[in-house]
S.K.: 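Can you keep this structure in mind? I'll have questions shortly.
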Amino acid sequence: MGSTSAHSNEGLGRRDLIKRSAAVGLITVPTMSFLASCASSDSGGDEKVEKGKTSAKNPLGANETAQLEVVIFNGGFGEQYAIDAEKRYNTAFPKAPKVKHAATEKIQSTLQPRFNGGTPPDLIDNSGAEQMDMGVLVGKKQLTDLTALMDAPSYDDPAKKVRDTLRPGIVEMGQFDGDPVWIMYYAYTVYGVWYSQKALENLDATYPETWDDMLAVCEKAKKKGIAGWTYAGKHPYYIPFSLYPMIAKIGGAEVLDKIDNLEPNAWKDPAVKTAFEAYYELFKKGYILQGTPGLDHIQSQTAWTKGKALFIPNGSWVENEAAKTMPADFNLAVGAPTGMDASDKMPFGTIWASGGEPFIVPQKAKNPQGGMELLRIMLSEESSKNFTSQVKSLTALNGGTDGIELTPGLKSAVASLDKAGENVVNPRLQDWYVKLQKEQIGVAGLGEMMAGRLTPAEAIKKIQGYADAAAKDQSIKHYKHQ
């Protein structure tokens, strides 16, 4: 998600607005037309370019004279990192025309007609509020298998395959059923509760590890005229960035696996009930910034950076996305989700971290080898360091931070990963079932609960209904943890 992100990046400008109620309908319509057209589109555009000769410098056999076309999601991470990598591509293939580059926040509406017509670009950063449903793309065989990229020599060390240079879980995230790798998640996102260390210190408080402590900090802030929390009210699918790992902390990671697998009554697990009731308590006690349900991601982040609220659920793209309004002495930090108490099944520090910014090569791309070669370049140490320096986020490359002065937020994210150790969770709903996660669980479920229009019990019942309907829907492909 990334800029999910969520997204996107969902925020980014990482994510365009997803409006409630009526807007949910507006989003649903193009999504369904996209699915239908993906299923039926056989009209091909121009033929694929002829594959080039493979060599040590060109292991994927990219055509050295062919045009390469790239579309980037213009969100929290911007587009410059991709432009820089494209320049390296043109240096490697000087006979090829300059890479054709475009950036947009509206991925689906921009690219849907091209998928329909069989003329998609060669490489797409499929992120943002208008992210194309990757579960559907995989199910409808619209993507190129990236296994050749995974097995190619890495850019910096030909003795290592690309797959062997990636952070844990990146390859698996790109797989849906079996061995093919359909998606290359380029960013590595740490999700959690973001805050200003300075703001906490001004309250003579520390980051809370138990929910009683969380409520106490929020009460202390309230007495100073500061809200405990805000969030992207118009994109309430940001709430799970801290809520889902809290559920895992309380009841174990297997609870999230059951939710991902769409198992019957998965949402009725006691850990879900406990976590929902805890978050609802923030609303009931008046610890949510007034007006939050009407704020988008940028507005909520701006209120937060201006000191109107202590905590915000978000991803590590927020450091770059909110940079314009973040004071120099803000001292950005991320906290692992606060748990309930010592009875939790997982330790404090349990956090959600995973690949973000999903890159895809369409099955009908003219120059798929070129698209994969650009990804190989992006996964070099030079490109990785460039991305991290520019946008204050880690990449999928395992390492790539040597010699870089880490910003406060990035330093905190790295420290959080170190503290988590093996206690890192990676919910897959946002990859496998985009509509379920964003429009139904997020907007219609959690968004309504946090606005006080649903009780936790009502929200759980509603969300379980959505999950059951998705499980029974034979028009979508279903996935399960292996």
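Computed over heavy atoms, backbone and side chain alike; hydrogens, waters and symmetry mates excluded.
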S.K.: Mark yes or no for whether Ser384, through its side chain, and Leu379, through its backbone, hold a donor-acceptor pair below 3.5 Å.
M.R.: no

S.K.: Short question: side chain of Glu458, backbone of Thr455 - any donor-acceptor pair under 3.5 Å?
M.R.: yes

S.K.: Which heavy-atom pair separates Phe77 from Asn320 by the least distance, and what is that distance?
M.R.: CA-ND2, 4.1 Å

S.K.: Between Ser412 (side chain) and Pro408 (backbone), is there a donor-acceptor pair under 3.5 Å?
M.R.: no

S.K.: I'd like to know whether CG of Asp329 has more than 12 heavy-atom contacts from other residues, nucleotides or ligands below 6.0 angstrom.
M.R.: yes

S.K.: Which pair of non-hydrogen atoms, one from Pro293 and one from Ala451, has the smallest distance, and what is that distance?
M.R.: CG-CB, 3.9 Å

S.K.: Check this for me: does any side-chain nitrogen of one of Lys285 and Glu219 sit under 4.0 Å from a carboxylate oxygen of the other?
M.R.: no

S.K.: Closer than 4.0 angstrom, basic N to acidic O: yes or no for Arg453 and Glu448?
M.R.: yes

S.K.: Would a distance-only check, ignoring hydrogens and angles, find a side-chain to backbone donor-acceptor pair under 3.5 Å from Asn261 to Glu263?
M.R.: no

S.K.: Does Glu373 pair with Arg376 as a salt bridge, N-O distance under 4.0 Å?
M.R.: yes

S.K.: So, do Tyr244 and Tyr191 have ring centers that fall under 6.0 Å from each other?
M.R.: no

S.K.: Measuring only between side-chain heavy atoms, which start at C-beta, is Asp402 closer than 4.5 Å to Lys385?
M.R.: yes

S.K.: Can you tell me if Gln290 has over 12 outside heavy atoms packed within less than 6.0 Å of its CD?
M.R.: no

S.K.: Measure the shortest side-chain to side-chain distance between Thr210 and Met340 over non-hydrogen atoms and say whether it is less than 4.5 angstrom.
M.R.: no

S.K.: Does Glu277 come within less than 4.0 Å of Lys273, counting only side-chain N to carboxylate O?
M.R.: yes

S.K.: Is atom NZ of Lys345 surrounded by more than 12 heavy atoms (other residues, nucleotides or ligands) closer than 6.0 Å?
M.R.: no

S.K.: Looking only at side-chain N and O atoms, does Glu86 offer a donor or acceptor that is under 3.5 Å from a partner on Asn90?
M.R.: no

S.K.: So, Asp164 and Lys161, do they make that salt bridge, N to O below 4.0 Å?
M.R.: no

S.K.: Identify the heavy atoms of Glu105 and Phe73 that sit nearest to each other, and give their distance.
M.R.: O-CE1, 3.5 Å

S.K.: Indicate the ring-plane relationship of Trp352 and Phe241, choosing parallel, tilted or perpendicular according to the 30° and 60° boundaries.
M.R.: perpendicular

S.K.: Side chains of Val334 and Val193: closer than 4.5 Å at any heavy-atom pair?
M.R.: no

S.K.: Does the side chain of Leu410 come within less than 4.5 Å of Glu319's, by heavy atoms?
M.R.: yes

S.K.: With a 4.0 Å cut-off on N to O distance, would you call Asp344 and Lys249 a salt bridge?
M.R.: yes

S.K.: With ring centroids as reference points, do Trp304 and Tyr195 lie under 6.0 angstrom apart?
M.R.: no

S.K.: Closest heavy-atom contact between Thr338 and Pro208?
M.R.: OG1-O, 2.8 Å

S.K.: Listed by chain and number, what are the salt bridge (charged side-chain N to carboxylate O under 4.0 Å, His left out) partners of Lys392, not counting sequence neighbours?
M.R.: none

S.K.: Are Trp182 and Leu146 close enough that some pair of their side-chain heavy atoms sits under 4.5 Å apart?
M.R.: no

S.K.: Is there side-chain contact between Pro240 and Leu446, with heavy atoms separated by less than 4.5 Å?
M.R.: yes

S.K.: Between Met449 and Pro456, which heavy-atom pair has the shortest distance, and what is it?
M.R.: SD-CA, 3.7 Å

S.K.: Would Tyr279 and Ser242 count as a side chain to side chain donor-acceptor pair (under 3.5 Å) here? Give the steps.
M.R.: CA-CA 10 Å; Tyr279 269 55; Ser242 56; 2.7 Å; yes

S.K.: Can a salt bridge be assigned to the pair Glu254 and Lys258 using a cut-off of 4.0 Å between side-chain N and carboxylate O?
M.R.: no

S.K.: Please examine the side chains of Tyr231 and Ser300, heavy atoms only from C-beta on, and report whether any two atoms are closer than 4.5 Å.
M.R.: no

S.K.: Tyr188 ring centre to Arg167 NZ or CZ under 6.0 Å, with the angle to the axis within 45°?
M.R.: yes

S.K.: Are more than 12 heavy atoms from other residues, nucleotides or ligands located less than 6.0 Å from atom NZ of Lys100?
M.R.: no

S.K.: Are Leu394 and Thr401 packed together at the side-chain level, in the sense that at least one heavy-atom pair is separated by less than 4.5 angstrom?
M.R.: yes

S.K.: For the backbone of Tyr238 and the side chain of His297, can you confirm whether one donor and one acceptor N or O come within less than 3.5 Å of each other?
M.R.: no

S.K.: I'd like to know if the side chain of Trp194 reaches the main chain of Asn314, judged simply by a donor and an acceptor atom lying under 3.5 Å from each other, with no hydrogens or angles considered.
M.R.: yes

S.K.: Determine the minimum heavy-atom distance between Thr325 and Pro327, stating which atoms define it.
M.R.: O-CD, 3.4 Å

S.K.: With distance as the sole test, does Ser127 use its side chain to make a donor-acceptor pair with the main-chain N or O of Glu357 at under 3.5 Å?
M.R.: no

S.K.: Is there a donor-acceptor pair closer than 3.5 Å between any side-chain N or O of Glu79 and the backbone N or O of Ile72?
M.R.: no

S.K.: Calculate, to the nearest 0.5 Å, the distance between atoms CG and CZ belonging to Asp341 and Phe348 respectively.
M.R.: 14.0 Å

S.K.: Quick check: does any side chain N or O of Asp269 sit under 3.5 Å from a backbone N or O of Val255, one acting as donor and the other as acceptor?
M.R.: no

S.K.: Are side-chain N/O atoms of Gln80 and Asp84 paired as donor and acceptor at under 3.5 Å?
M.R.: yes

S.K.: Do any N or O atoms from the side chain of Tyr207 and from the backbone of Ala336 form a donor-acceptor pair under 3.5 angstrom?
M.R.: yes

